[in-house]
Amino acid sequence: MSFVADVVRAARALPQNLRHDLHPGVSADDSPGSRLRRSFLYHLFPLRVTERALAPATTFGLGLVSVALFILLTVTGLLLMFYYVPTPRDAYGSMLDIDNVVTFGRLCRRLHRFGADLMVAVVLLHLVRVVAQAAYRRRELNWLIGLGLASLLVGLAFTGYLLPWDQRSYWAVRVVTELLGLLPVVGRAMQLVLVGGAEVGAATLSRFYALHVALLPLGMLGCLVWHLWRIRKDGGLAAVEVDPPTVAAWPHLVLRVSLVLLGTTALVLFVALVQDAPLAPLANPLRPENPEKAPWYFLAVQEMVSYSALTGGVVIPVLTALGFLALPFLDRADLDVGYWLGARGERRTVLVAVVASGVVLGLGTVAYLTPELGAVLEALPPWAHDVLNPAGLMLCWTALVVVGTGLRTDAVRPALRAGIGALFVGLCVFTLLGMLRGPDWGLASPWEAFRRVF
Amino acid sequence: MKKTRPPEAASVSDAVSRRDFLADSGRLVTAACLAGVTAGAVRLSLPDVESGRRPRARLGAPADFKMGTVTWLQEHELFVCHKAHGFAAFSSRCPHLGCTVRRTTTGFRCPCHGARFDPEGRVVSGPARRALDWFAVETGPDGQLWVDRSRATEPGSFTPLRVAAAESAG
């Protein structure tokens with residue numbers, strides 16, 4: 001009967017044995033918290049962090065919020081994959097099923113949609129934070145990885161936009177793939193690879209689906225891990241202090257990280273509970289809606305493209321991308337790295353440039369829209385239309401601001417910051433104007449535009 | 001026993017060692033393989049067969065298009081125009097970024113970016129840089145009206161068709 005006794009003894013000792021066997025190197029009387037710390041958290045976080053890194057106003061936790069949203073989007077995206085069917089015939093129907101038949105399906109789709117919207121906004125703010133603190137200095141590689149992550153995010157937002165196969169997604173993709181074809185040298189090939197044929201159709205949906213659920217998320221996961229690892233390799237947050245005061249990562253850092261993760265999830269959940277995710281009518285390849293509006297983060301590009309496809313859709317995006325890639329290699333100053341906007345005199349110069357940009361670009365755009373100037377411009381030859389428009393004005397003005405601020409302050413960093421500020425102001429003007437566009441691309445009153453959105 | 005270098009080896013000591021040569025060769029082969037696989041993957045992604053419509057398409061009997069009207073053939077993405085001096089067909093696809101234009105009282109207008117065209121598809125204002133595409137129209141052996149997209153024509157060039165004139169008169 002010793003067999004039975006052995007089994008009973010083993011069963012009794014099971015909880016202790018499990019704890020011991022599954023956590024090698026940890027003694028049985030350690031608390032669960034300490035086991036978690038040793039086995040997992042200390043591989044993610046450093047042992048000690050600077051007090052400054054923990055202060056909310058240092059980074060506003062924007063990078064961490066993006067990570068939280070990436071996790072949320074991965075989980076909700078995987079759940080949506082259980083029901084979504086990536087064919088032109090069934091895609092829209094499966095969206096309706098997710099919204100109306102699947103238990104929690106509508107909530108899941110809302111979480112995915114608003115999580116994605118928020119991620120675009122938060123990543124943009126994260127980029128602004130890094131520029132405003134010159135945190136790219138001595139972290140050139142991580143700046144480039146970050147830009148890679150940002151472009152992967154744009155790719156994910158764009159490919160995800162087609163999947164519902166509604167009017168908005170279909171026409172947005174038709175327009176953007178036409179734009180890609182205008183890129184020099186590689187444009188036509190990129191267009192063919194994305195569209196998979198002469199027309200946006202079944203082949204396009206298959207390719208966008210593969211990109212959206214596999215290739216781009218895996219690329220993003222890889223780059224994200226690399227990005228986070230580089231932060232630790234580069235010695236934590238960018239700062240110029242020597243021997244700054246530090247605190248233990250447990251519990252100070254871990255507690256704050258948990259709060260940011262929870263808070264982000266709670267925020268998206270709240271929005272998803274009160275607001276419905278948009279779904280336009282089924283895609284009709286023969287007839288766009290009137291007006292056909294891009295999502296908010298593409299509105300500025302849509303507005304610029306409505307002036308000139310070449311200037312607004314190709315020249316400005318390409319030059320902006322090149323400018324951001326070159327940023328840490330142009331700005332070589334080590335002063336004030338990790339602090340908001342640097343010295344006081346420099347701040348005023350940048351502020352003046354930004355305000356002046358608002359005035360110049362705002363007035364320029366309004367002038368362009370008046371019938372009087374419109375009549376003058378219409379008489380000009382076609383090539384002039386590609387230059388003499390608000391997008392062209394923004395390009396020239398930004399160049400002017402960079403050169404002017406550079407000459408005035410005799411430094412590279414304020415010049416670059418003023419230039420990015422001018423660009424940002426211009427894009428805000430175009431986004432606002434894009435929101436006001438109504439039927440036949442005419443301008444509606446703000447009230448009408450507001451009513452259309454909500 | 002340790003081998004001593006032969007005296008002439010001193011002259012070749014500056015040359016690449018066997019170890020470095022083999023390592024570099026290995027790197028080169030790896031890089032070449034990766035480049036080949038990447039090129040193959042890109043080539044695979046480029047479709048060899050493009051789905052799309054045939055250049056020639058039958059539009060219908062000439063009598064279906066009344067004199068003085070512009071008819072939108074949705075499935076062909078074409079406007080067919082019948083005037084006293086003949087027939088013409090032009091695309092309803094905006095030459096700016098490919099949206100479908102709509103008819104207005106003064107011509108055509110694109111809902112995506114606001115390009116405007118006159119009744120014969122020439123640019124009036126907006127981001128379009130060229131007119132709507134005009135294609136050659138002809139009557140086939142079956143007496144029906146055909147369009148040939150491989151033959152572009154100038155905006156405003158109508159094809160006089162006697163058959164059509166007789167039918168529409170009758």
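We name chains A, B, ... by the order of the sequence lines, and we start the count at 1 in each one.
Contact annotation: the side chain of B/Arg129 never approaches that of A/Leu310 to less than 4.5 Å [non-hydrogen atoms, C-beta and beyond]. The shortest side-chain heavy-atom distance between B/Cys99 and A/Val175 falls under the 4.5 Å cut-off. A/Pro291 is not listed as a side-chain neighbour of B/Pro111, based on a closest heavy-atom distance of 4.5 Å or more. Residues B/Trp72 and A/Arg287 meet the side-chain proximity criterion, which asks for heavy atoms closer than 4.5 Å.
Taking each heavy atom of B/Thr100 and A/Leu286 in turn, the nearest pair found is OG1-O, 3.0 Å. In terms of heavy atoms, B/Pro127 sits closest to A/Val305 at CB-O, 3.6 Å.
Rounding to the nearest 0.5 angstrom, the gap separating the CD atom in A/Glu178 from the SG atom in B/Cys112 is 10.5 Å.
Not one N or O on the side chain of A/Arg437 forms a donor-acceptor pair closer than 3.5 Å with the backbone of B/His113. Without hydrogens or angle criteria, B/His96 side chain to A/Ser306 main chain gives no donor-acceptor distance under 3.5 Å.
Per-residue heavy-atom pair counts under 4.5 Å with chain A were compared for B/Glu77, B/Arg93, B/Arg130, and the maximum is reached by B/Arg93. When each of A/Gln302, A/Glu292, A/Arg174, A/Glu289 is checked for heavy-atom pairs under 4.5 Å with chain B, A/Arg174 comes out on top. With chain B as the partner, the residue from A/Asp386, A/Leu182, A/Leu179 showing the most heavy-atom pairs under 4.5 Å is A/Asp386.
If you measure heavy-atom distances from A/Glu303 to chain B, you find no contacts under 4.5 Å at all.
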